[in-house]
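Atom set for the values below is all heavy atoms of this structure, side chains included, hydrogens, waters and symmetry mates excluded. Throughout, numbering of the chain's residues begins at 1 and tracks the sequence.
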Amino acid sequence: METATKKKNKIDSATVSGSKALIMALIEEGVNTIFGYPGGAIMPVYDALFDYQDQIHHILTRHEQGAIHAAQGFARAKGIPGVVFATSGPGATNLITGLADAMIDSTPLVCITGQVASPLLGTDAFQETDVVGISMPVTKWNHQVTRAEEIPDALAKSFYVAKSGRPGPVLLDITKDAQIESCTYQYTPCKEVRSYHPIPSLDDEMVNQAAELINNAKRPYVLFGQGVILSHAEEELKEFIEKTGIPAAWTILGLSALSSDHPLNVGMLGMHGNYGPNLLSDEADVVIAIGMRFDDRVTGKVSEYIKQAKVIHLEIDPSEIDKIIKADVPVLGDAKTSLRALIEKVKPNQHPKWLQRFKDCYELEYEKVIKEELYPSTDLISMGEVIRLISEKTDGNSIVVTDVGQHQMVACRYARFLKSKSNITSGGLGTMGFCLPAAIGAKFGAPDRLVIAVIGDGGFQMTLQELGTIFQTKVDVKILILNNQYLGMVRQWQQLFFDKRYSATEMINPDFQTIARGYGIESIKVEERDNLDKAVDDFLNHKGSYLLEVIVGKENNVFPMVPSGAPVAEIRLE
């Protein structure tokens, strides 16, 4: 009887096609789910995949952009790289938006594209495009493979680069002849790449300086981002703020790293964030930024942002240090390791007066903004009351995937999150059309969790063809369309800053129920508040996918708001 080692050696030394080598290597990397769309230049890979259908589940999306957004949702929900297949030419270029989105939001992806045969490279052959050149600015690493024997090592490097350090998307472009020709298969997982150092060594002196600043601070303030989630540092963040008594605010990608119910969670940063977290940024004497990059939506006018504070920046990517906000104490390293070192050196403390300032600001915001949004006094349904109702009925335990626009800001502001990896949204790129395919991917990544897609009527129509993916796979995604019959965020800006000149923002929409019915998805449309509660119950309790469309106020706005380019202290409550 052969031992497992002998069997593996036989596999390692087998002579196989490049395509089969690719599939075998993916299996060795633990891949069991792939999102993709076949075509001529990647057909040999799909032919090889046919023999491994019991080990790899391929989800056929209806567009390559849908495939890559689904892979993003999968990666964000599961915490491992999402994998995408696409063909050459238009198939590959249709991935670019998703690559750009994943790059700026640090989402690990491995994208495999087919390419014309190597003798045809540079000849403008049918469906030939220089996808390596096109994708270079929006990938962490990309590479073109022209020989079958290169495939296993190139794939191993792709996974290592995608998931190590600050994660990101990788693209591997494989010529058709490399897919067809034979090679001796041997796979060795990649553990290092020369001159690539994904995790900087922790500097103990920086940790000591940071701890001294924190221990002596009167008004310390934590700003945390997705780096906490990516480094699995949720428990360390919680322990750190509880030991020091420091209030903590989040970016939209950091949302769900700390329970919404935690007493030191003071809310959302940024243009449509909470009043206190923005206003009081200018009163903190020490700011501890953890796994966030000081995006312009957080800082407002950079020259006026936290000028009075000493800044401690915990960050894994050296390029982010001093890029926007000067760090007095940069702490390079993995957030989990850095926080653990800080926890050992900071002193137990409380800052009740400082924390009370945030509570006072919240009370003012509640009276002027939140109460009316969650419990409207008019007959018009608000986005906030729908999100509140859903959040109450799910007890903050669902995964909420949002598109981009007013509904995104409302969902981030008013949904409760008790578990990490529960908020999936397009942050840095702001990609309309992201939500529906990302929700599909999230459900495949977390099949035991309720996944709710929160979409505007505009973004929904950008990728609604992915209802076909739901129809074919029978994946259970709850789809909520908050329909204000406008491109709402743009319309809000036009109202406030362009004298209500509503240029090209009103939406004349189709009957979404008829569309859903065509894809075998049950749906209901709600226009009156009296029907909302039961409709939400039906929506959440239905077995299988369900579409709930709620007609909300056409000209409702999202407040608070920091005007573009203004200091965060100029945040407006109305």
Side-chain angles (χ1 to χ4, degrees), residues 33-39 57-74 77 82 84-86 91 94 97-98 386 390 398-405 407 424 426 431-447 449-485 507-527 531 535-551:
T33 305
I34 294 171
F35 304 88
Y37 204 96
H57 183 199
H58 179 276
I59 292 94
L60 174 64
T61 59
R62 295 306 184 261
H63 192 286
E64 291 88 357
Q65 184 176 346
I68 194 165
H69 289 330
Q72 287 177 270
F74 177 91
V84 182
F85 282 175
N94 282 342
T97 297
V386 183
I390 289 173
S398 59
I399 293 177
V400 177
V401 186
T402 53
D403 212 76
V404 172
H407 67 277
I424 298 174
S426 172
T431 305
M432 289 180 69
F434 170 87
C435 178
L436 182 60
I440 293 169
K443 185 63 179 181
F444 280 110
R449 298 191 66 187
L450 176 66
V451 175
I452 301 172
V454 181
I455 320 180
D457 47 308
F460 179 65
Q461 293 178 81
M462 286 195 169
T463 50
L464 65 77
Q465 75 278 350
E466 298 310 327
L467 293 176
T469 306
I470 294 174
F471 181 57
Q472 182 162 343
T473 62
K474 308 302 181 190
V475 65
D476 181 359
V477 174
K478 306 299 188 243
I479 305 162
L480 170 65
I481 300 176
L482 294 173
N483 184 356
N484 58 10
Q485 301 164 70
M507 301 287 287
I508 306 301
N509 292 315
D511 183 341
F512 293 129
Q513 279 64 58
T514 299
I515 293 171
R517 195 178 307 118
Y519 286 103
I521 297 170
E522 290 195 34
S523 68
I524 191 170
K525 180 177 182 178
V526 173
E527 300 184 69
N531 301 323
V536 170
D537 283 338
D538 292 344
F539 170 70
L540 295 173
N541 296 327
H542 181 77
K543 291 184 179 180
S545 288
Y546 194 97
L547 187 148
L548 169 62
E549 177 188 3
V550 181
I551 304 300

Indicate yes or no for a side-chain donor-acceptor contact from D403 to the backbone of C435 under 3.5 Å, with no hydrogens or angles considered.
yes
Look at the side chain of S523 and the backbone N and O of A516, then say whether any donor-acceptor pair between them is shorter than 3.5 Å.
no
Sub-4.5 Å side-chain heavy-atom contact between [X] and [Y]:
{"X": "F539", "Y": "I524", "result": "no"}
{"X": "V475", "Y": "P447", "result": "no"}
{"X": "P510", "Y": "I515", "result": "yes"}
{"X": "I34", "Y": "V84", "result": "no"}

Before accepting this row, confirm whether a basic side-chain N of the pair K478/D476 lies closer than 4.0 Å to the acidic partner's carboxylate O.
yes
Could you tell me the separation between the [atom1] atom of [X] and the [atom2] atom of [Y], rounded to the nearest 0.5 Å?
{"X": "I452", "Y": "I390", "atom1": "CD1", "atom2": "CD1", "value": "5.5 Å"}
{"X": "L480", "Y": "L540", "atom1": "CG", "atom2": "CG", "value": "9.5 Å"}
{"X": "I521", "Y": "Q513", "atom1": "CD1", "atom2": "CD", "value": "11.5 Å"}
{"X": "N531", "Y": "K525", "atom1": "CG", "atom2": "NZ", "value": "12.5 Å"}
{"X": "I551", "Y": "N483", "atom1": "CD1", "atom2": "CG", "value": "4.0 Å"}
{"X": "D538", "Y": "H542", "atom1": "CG", "atom2": "NE2", "value": "9.5 Å"}

For F85 and H58, take the angle between the two ring planes, folded into 0 to 90°, and tell me which bin it lands in: parallel under 30, tilted 30 to 60, perpendicular over 60.
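Rings of F85 and H58: tilted, 30 to 60°.
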What are the two closest non-hydrogen atoms of [X] and [Y], and how far apart are they?
{"X": "H69", "Y": "P437", "answer": "CB-CG, 3.6 Å"}
{"X": "A86", "Y": "E64", "answer": "CB-CG, 4.0 Å"}
{"X": "G73", "Y": "I424", "answer": "O-CD1, 3.8 Å"}
{"X": "F35", "Y": "F74", "answer": "CE1-CB, 3.7 Å"}
{"X": "V401", "Y": "A438", "answer": "CG1-CB, 3.9 Å"}
{"X": "A535", "Y": "L548", "answer": "CB-CD1, 4.0 Å"}

Pairing donors with acceptors under 3.5 angstrom, does anything connect the side chains of Q65 and N94?
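Result is no, nothing qualifies.
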Run the side-chain donor-acceptor check on residues 460-467: report pairs under 3.5 Å with partners two or more places apart or on a different chain.
unit_1 : atom_1 : unit_2 : atom_2 : d
Q461   : NE2    : D457   : O      : 2.9
Q461   : NE2    : N509   : OD1    : 2.7
T463   : OG1    : G433   : O      : 2.8
E466   : OE1    : R62    : N      : 3.0
E466   : OE1    : T469   : OG1    : 2.6
E466   : OE2    : R62    : N      : 3.3
E466   : OE2    : H63    : N      : 3.2

Side chain to side chain contact (heavy atoms under 4.5 Å, CB included) assessment of F434 paired with T97:
CA-CA 10 Å; F434 170 87; T97 297; over 6 Å; no
For H407, give me all partners under ring pair (Phe, Tyr, Trp, His ring centres under 6.0 Å), at least two apart in sequence or on another chain.
none
Take a 6.0 Å sphere around OH of Y37 and say whether it holds more than 12 heavy atoms from other residues, nucleotides or ligands.
no
Is atom OH of Y519 surrounded by more than 12 heavy atoms (other residues, nucleotides or ligands) closer than 6.0 Å?
yes
